[in-house]
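Notes follow once the structure below has been shown.
All values below come from the heavy atoms of this structure, side chains included, with hydrogens, waters and symmetry mates left out. Whatever order the structure lists ligands and atoms in, that order sets their numbers, starting from 1.
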Amino acid sequence: MKKLLLVACLIVCLFHTCAAAGPLEYDVVVVGGGGAGLVAATAAAEQGSSVIVLEKMSYLGGNTIRSGGVINAVDPEPQKAQGIEDSTDLHFKHTYEGGDNKANPELVRTLVEGALPALQRALDRGLKIYPEITTATGALWPRTHRLVEPAGTGWIRVYSESAAKAGVEIRKDTKVVSLLREEPLAGRVYGVKAVDKAGNELEIHARRGVVMASGGFGADVKLRMQHNPTLGPDTPTTNHPGATGEGIIMSQDIGAAVTGMDFIQIHPHGDPKLGDLTGRASDFVQKYIYVNIEGKRFVNEAERRDVQVAGIMAQPETRMFIINDKNGVSDPNIFGDHLDDLLAADRVQQGDTLAELAEKIGVPAAALEATVARYNELVKQGKDVDFGRPENTLQQTIETPPFYATPRVPTVHHTMGGLVINKEAQVIDRRGEVIPGLFAAGEVTGGIHGTNRLGGNAITDINVFGWIAGTNAAK
Ligand code: ADP
């Protein structure tokens, strides 16, 4: 009996201690420990705010760490050294028109003007890039910077280290389930409710601001099909399993507006088995062509991603191969894959001649030989009269053996729609008013990329708007 009483006492005491502790309190609460979240947390903490990042998965990085990590920024010095003409006006034009003029031009302007300072900020904090400027898949212009570290790991390393240095607390396995607002659709957002791995409910208050950086919804089949039923439930995806979009919905629940939710990007470079972007023998469009299973080119390989995908969808069996030669190999590629491993795993095929390669991948040898010969002729002429590939991607012939083929299929990649924000990264409600205390950045937002995002612009986005969101949330 005495023992029972003691246990009961202990339980009551514990309960009181927890209740007395009340909600946790920080200056800034960041939802999501991917790219935008870690950038925002760093920005806020470096200004002296106390910051917590809540990440529902057991790992940091989200879709950012799985991406190619490449970033678009107009960078006159290295671009001039390679003879590339560029300007932020041209980056604006490519981004805005490349998304069918559906983005908010003010956000696009903020993106392109903020790109180089954002890159510089990361370099100052230890990011390493190669000097060569190139063109990411569907980037439309050579202003893409490639990281030395594989995939998006460089960004997550730099910004988790910077966040830790600035005193940011990070809680993994902690899922935010709702936002706290003074009134259901009015007043300030003052915190979040979350659930930890053990199922404990937490209330965390933000004295200054909440940053929603929970990413997109490409991994939620139901939600993405609701917005774009043409994609089909079996379309593979590059997304990590946590890209399920509840950050958008919980923000809508307290009044936030959304835009462009139907604009979902399919990437032309999906691995046929994994659905992700790893495993290709060649990274950048200057170095390869695409052929269909008949061994024929079918699209301008430097086009917008949606145009490339439409090209693949019009081919027999809706799949293709990336073809390159020895000089076009990226070893390792931007995901850190080594050619020998890709060959050993049968993810890439190699042939000493184009005929041998054709046989291995099951396409007609004569057709592949004719296609490559024709492409080489176009490079020498300096004009792609067949598919209109721009000159700055028409510099390298495919004639030095061995030759390589990487099979690719379309895969769900990026959800361009999401929360409406202004250029201060403040979230806007359905009446067009700022929601006090709520900021957002990264793939959770809409209005930056329109219908089609340029390759390399997502990393620019998380860096530019992540920093703005964190800075303003800390004010
Ligand atoms: P972005 O590129 O916009 O930064 P990422 O996909 O890289 O987007 O990162 C978003 C992060 O947010 C992911 O790590 C994801 O697991 C996390 N996340 C998504 N929803 C929640 C949630 N409800 N609570 C906490 N973290 C979340």
Which of the atoms in ligand 1, numbered in the order shown and given with their element, are less than 4.0 Å from a heavy-atom of I462? 1 (P), 2 (O), 3 (O), 4 (O)
Contact atoms of ligand 1, heavy-atom distance to M57 under 4.0 Å: 16 (O)
Strictly under 4.0 Å, does any heavy atom of A213 approach an atom of ligand 1? yes
Cut-off 3.5 Å, side chains only: do T95 and N457 have a donor facing an acceptor? yes
Got a sec, which residues hit salt bridge (Lys or Arg N to Asp or Glu O under 4.0 Å) with E317, two or more places apart in sequence or on another chain? R319
Here the atoms of ligand 1 under 4.0 Å from any heavy atom belonging to K175 are 23 (N), 24 (N)
Identify the residue among L180, L179, I204, L202 that makes a side-chain contact (heavy atoms from CB on, under 4.5 Å) with K193. L180
Does ligand 1 have an atom under 4.0 Å from some heavy atom of G61? yes
All side chain to side chain contact (heavy atoms under 4.5 Å, CB included) counterparts of A115, not counting sequence neighbours: A73, T460
Heavy-atom nearest neighbour of atom 20 (N) of ligand 1 within options H240, E246, M250: E246
Answer yes or no for T174: is there a heavy-atom contact with ligand 1 below 4.0 Å? yes
Are R304 and D100 ion-paired here, with the side-chain N under 4.0 Å from a carboxylate O? yes
Can D173 and K56 be counted as an ion pair, charged N to O under 4.0 angstrom? no
